[in-house]
Peer 1: 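Just dropping this structure here.
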Amino acid sequence: MGVGLRGDDVFRCDVGLVCMAEIQYNASAPVLVTGATGYVAGWLVKRLLDGGFTVHAAVRDPAKTEKLKYLNAIAKQSPGKIQYFKAELLDEGSYAEAMQGCEIVFHTASPFTLAADDPHKELIEPAQLGTRNVLEQANKTESVKRVVVTSSCAAIYGDNADLENTQNEQFTEADWNTSSSLTHQPYSYSKTLAEQEAWKIAKGQSRWDLVTINPSLVLGPGINPFATSASFSLVQQFGDGTMKSGMVDLGIGAVDVRDVAEAHMQAGFNPAAQGRYIVSGHNTNFPEFASILQNRFGEAYPFPTKTLPKWLVWIVGPFLAKNTTRKYIARNVGLPFVADNSKGIRDLGLTYRPLETSLSDMFQQLIDNKLVTPEEKVR
Ligand code: NAP
């Protein structure tokens with residue numbers, strides 16, 4: 001039986017006890033993944049299935065078989081098993097059955113949209129109440145030993161301008177987002193409230209420990225190429241002509257979805273994991289995205305080549321893009337994003353794929369699924 005700390009050694013082990021420092025996991029126990037059909041969850045479920053685990057996949061509607069077919073195809077070819085459970089973040093007790101017998105809970109479910117009409121209902125409630133619902137269920141489920149919550153860099157910082165208030169001009173796990181609200185960056189606010197809720201509940205008990213994974217913008221191919229994640233719509237906009245007349249110079253962090261899955265595996269099974277982890281491979285910006293895509297896919301797609309001046313974005317931005325306010329533009333456009341990812345590298349041995357790989361693989365998937373079309377066909 002494998003006892004190593006690095007991914008594959010541990011996950012190849014046969015059914016039995018996986019002994020890791022103080023924590024002993026029963027490798028035959030099922031593992032819960034909430035939001036299993038989501039973009040970020042897809043690669044995590046794959047890793048678990050490849051490792052021989054039984055995955056309890058909590059999804060909103062198991063009757064929507066079209067959504068499940070990608071995970072089913074992986075399960076068919078792997079030693080692990082997948083079982084679906086119907087669960088809704090807002091329904092109290094909804095995760096009871098799915099969590100039964102699980103020692104590790106991965107809570108990934110939370111809406112990721114930047115175009116909410118009613119942010120309280122669409123973002124805050126499912127994020128915050130959903131986290132409360134899942135973690136209070138962990139309190140009631142004796143088998144649970146560790147909970148991994150998929151938080152976000154959005155719970156670390158709100159605007160790029162927040163960099164000014166950091167100790168060494170970079171965001172670290174010690175930072176919390178204090179600038180977002182219901183009316184300014186509501187997605188970031190939802191992730192902040194959700195993570196704070198998670199720590200509050202974790203500190204109120206001692207049976208299970210909490211580890212949070214705080215990814216920056218996640219890129220790379222999806223297990224389900226049609227997942228609802230805003231990651232897809234953003235990369236799509238680089239190649240579908242939306243930004244042809246110019247892009248904003250926005251500093252942003254980016255990380256590959258497969259590296260985020262590895263971070264979750266480490267957070268779940270590595271006893272050295274503790275606290276929050278910024279999981280971000282690259283401090284980058286939109287012009288770098290465009291240049292990578294242009295170099296890789298050439299002239300066939302209408303990638304942006306010009307960067308719009310900030311004053312112009314400030315004037316026209318609010319009329320062109322939903323939920324883009326002058327305050328958002330002032331505090332983000334033209335400003336860098338810088339995060340310190342050293343804690344995850346040090347504690348969990350994380351490594352990061354090149355940005356070129358993540359963006360190219362993701363854009364290729366959009367092409368393969370006809371979600372972007374070569375320029376001559378764009379009207
Ligand atoms: P996604 O593909 O849209 O996945 C969101 C998941 O949440 C879906 O599985 C969805 O279930 C589930 N969900 C949403 N509302 C729900 C509800 N009311 N009840 C039950 N399940 C619900 O987006 P994603 O990018 O993978 O996001 C997954 C997690 O990663 C989120 O916590 C997000 O904040 C975090 N994250 C994402 C990024 C990124 O760049 N993508 C970066 C940092 C953190 P259905 O399949 O049934 O719709």
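We use all heavy atoms of the structure for the numbers below, so side chains are in, but hydrogens, waters and symmetry mates are not. Counting starts at 1 for both ligands and their atoms, following the listed order.
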Peer 1: Is ligand 1 under 4.0 Å from a heavy atom in the side chain of T108, in the backbone, in both, or in neither?
Peer 2: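 Just the backbone.
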
Peer 1: In this structure, does ligand 1 have an atom that sits under 4.0 Å from one of the heavy atoms of S151?
Peer 2: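 Checking ligand 1 against S151, which is what was asked, there is a heavy-atom contact under 4.0 Å.
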
Peer 1: How far is atom 25 (O) of ligand 1 from its nearest protein heavy atom, and which residue and atom name does that atom have?
Peer 2: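 Protein heavy atom at minimum distance: S229 OG, 2.7 Å.
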
Peer 1: What protein heavy atom sits nearest atom 8 (C) of ligand 1, and how far off is it?
Peer 2: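 Checked against all protein heavy atoms, atom 8 (C) of ligand 1 sits closest to G38 CA, 4.0 Å.
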
Peer 1: If we only count N/O pairs under 3.5 Å, is S152 in contact with ligand 1?
Peer 2: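 Looking only at distances, the answer is no, because the N/O contact criterion of under 3.5 Å is not met.
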
Peer 1: Would you say the side-chain atoms of H282 pair up with the backbone N or O of R353, donor to acceptor, closer than 3.5 Å?
Peer 2: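 Checked: pair present.
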
Peer 1: Would you mind listing which atoms of ligand 1 come within a distance below 4.0 Å of any non-hydrogen atom of L217?
Peer 2: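 So the answer, numbered in order with elements, is 40 (O).
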
Peer 1: Can you pull the ring-ring contact (aromatic ring centres under 6.0 Å, His included) pairs that have at least one residue in residues 214-248, sequence neighbours excluded?
Peer 2: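 Only Y39-F232, F238-F286, F238-F289 qualify under ring-ring contact (aromatic ring centres under 6.0 Å, His included).
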
Peer 1: Could you check which of G222, S110, A109 puts a non-hydrogen atom nearest to atom 5 (C) of ligand 1?
Peer 2: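 Among G222, S110, A109, the closest heavy atom to atom 5 (C) of ligand 1 comes from S110.
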
Peer 1: Between V333 and L250, what is the shortest heavy-atom contact and its length?
Peer 2: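 Minimum heavy-atom contact is N-CD1, 4.3 Å.
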
Peer 1: Does only the side chain of F232 get under 4.0 Å from ligand 1, or the backbone, or both, or neither? Count heavy atoms.
Peer 2: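 Neither; nothing of F232 gets under 4.0 Å from ligand 1.
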
Peer 1: Would H107 count as a contact residue for ligand 1, given that I'm defining contact as a non-hydrogen atom of the residue lying under 4.0 Å from a ligand atom?
Peer 2: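 Contact check H107 vs ligand 1: negative.
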
Peer 1: Can you tell me which residue and heavy atom of the protein come closest to atom 48 (O) of ligand 1, and the distance to 0.1 Å?
Peer 2: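 So the nearest neighbour among protein heavy atoms is R60 NH2, 2.7 Å.
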
Peer 1: Please verify whether a non-hydrogen atom of S216 lies at under 4.0 Å from ligand 1.
Peer 2: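 It does, in that a heavy atom of S216 comes within the 4.0 Å cut-off of ligand 1.
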
Peer 1: Is there a chain of hydrophobic side chains (I, L, V, M, F, W, Y, each step under 4.5 Å between heavy atoms) that links F337 to Y277?
Peer 2: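 Cluster IDs for F337 and Y277 differ.
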
Peer 1: If two hydrophobic side chains count as joined below 4.5 Å and joins carry through other members, does M99 share a cluster with V33?
Peer 2: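 No, because M99 and V33 fall into different hydrophobic clusters, even though each may have its own neighbours under 4.5 Å.
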
Peer 1: Short list, please: which atoms of ligand 1 are under 4.0 Å from a heavy atom of K67?
Peer 2: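 With K67 as reference, the close atoms of ligand 1 come out as 45 (P), 46 (O), 47 (O), 48 (O).
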
Peer 1: Is there a polar contact, in the sense of an N or O pair closer than 3.5 Å, between P111 and ligand 1?
Peer 2: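 Not met; the criterion fails.
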
Peer 1: Could you tell me whether some N/O pair between F112 and ligand 1 is separated by less than 3.5 angstrom?
Peer 2: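 For ligand 1, there is no N or O atom that lies under 3.5 Å from one belonging to F112.
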
Peer 1: Please confirm whether L90 comes within less than 3.5 Å of ligand 1 when only nitrogen or oxygen atoms on both sides are compared.
Peer 2: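 Between L90 and ligand 1 (N or O atoms, distance only) the closest approach is not under 3.5 Å.
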
Peer 1: Could you tell me if any non-hydrogen atom of V59 lies under 4.0 Å from any atom of ligand 1?
Peer 2: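 It does not; every heavy atom stays at 4.0 Å or beyond.
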
Peer 1: May I ask whether V134 and I124 are part of the same hydrophobic cluster, defined by side-chain heavy atoms of I, L, V, M, F, W, Y residues being less than 4.5 angstrom apart, directly or through others?
Peer 2: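 Different hydrophobic clusters.
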
Peer 1: So between Y95, Y187, F226, whose heavy atom ends up nearest atom 37 (C) of ligand 1?
Peer 2: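 Nearest option to atom 37 (C) of ligand 1, by heavy atoms: Y187.
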
Peer 1: Are the side chain of N283 and the backbone of A339 linked by a donor-acceptor contact shorter than 3.5 Å?
Peer 2: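 Side chain of N283 to backbone of A339: a pair is present.
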
Peer 1: Who gets closest to atom 17 (C) of ligand 1 by heavy atom: L89, D61, N214?
Peer 2: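 Heavy atom nearest to atom 17 (C) of ligand 1 belongs to L89.
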
Peer 1: Report yes or no: do S188 and N177 form a side-chain donor-acceptor pair below 3.5 Å?
Peer 2: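 Note: S188 and N177 side chains miss the donor-acceptor criterion.
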
Peer 1: Under the rule for side-chain contact (heavy atoms from CB on, under 4.5 Å), what residues qualify as partners of P126, not counting sequence neighbours?
Peer 2: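 Once residues adjacent in sequence are excluded, the partners of P126 under the side-chain contact (heavy atoms from CB on, under 4.5 Å) criterion are L89, P111.
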
Peer 1: At a 4.0 Å cut-off, with the gap strictly under it, does some heavy atom of W43 reach an atom of ligand 1?
Peer 2: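 In this structure, W43 fails to qualify as a contact of ligand 1 - no heavy atom is under 4.0 Å.
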
Peer 1: Quick check: does any side chain N or O of W43 sit under 3.5 Å from a backbone N or O of P221, one acting as donor and the other as acceptor?
Peer 2: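 A pair under 3.5 Å: yes.
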
Peer 1: May I ask you to identify the nearest protein heavy atom to atom 35 (C) of ligand 1, giving residue, atom name and distance to one decimal place in Å?
Peer 2: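 Atom 35 (C) of ligand 1 sits closest to the protein heavy atom T150 CG2, 3.8 Å.
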
Peer 1: Would you check if there is a donor-acceptor pair between the side chains of D159 and Q185 at a distance under 3.5 Å?
Peer 2: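 Looking only at side-chain atoms, D159 and Q185 do form a donor-acceptor pair, the distance falling under 3.5 Å.
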
Peer 1: Can a donor-acceptor pair be found, under 3.5 Å and without considering hydrogens, that links the side chain of R207 to the backbone of V144?
Peer 2: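 At least one qualifying donor-acceptor pair exists.
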
Peer 1: Would one find an N or O of A227, backbone or side chain, under 3.5 Å from an N or O of ligand 1?
Peer 2: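 Min N/O separation from ligand 1 is not below 3.5 Å for A227.
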
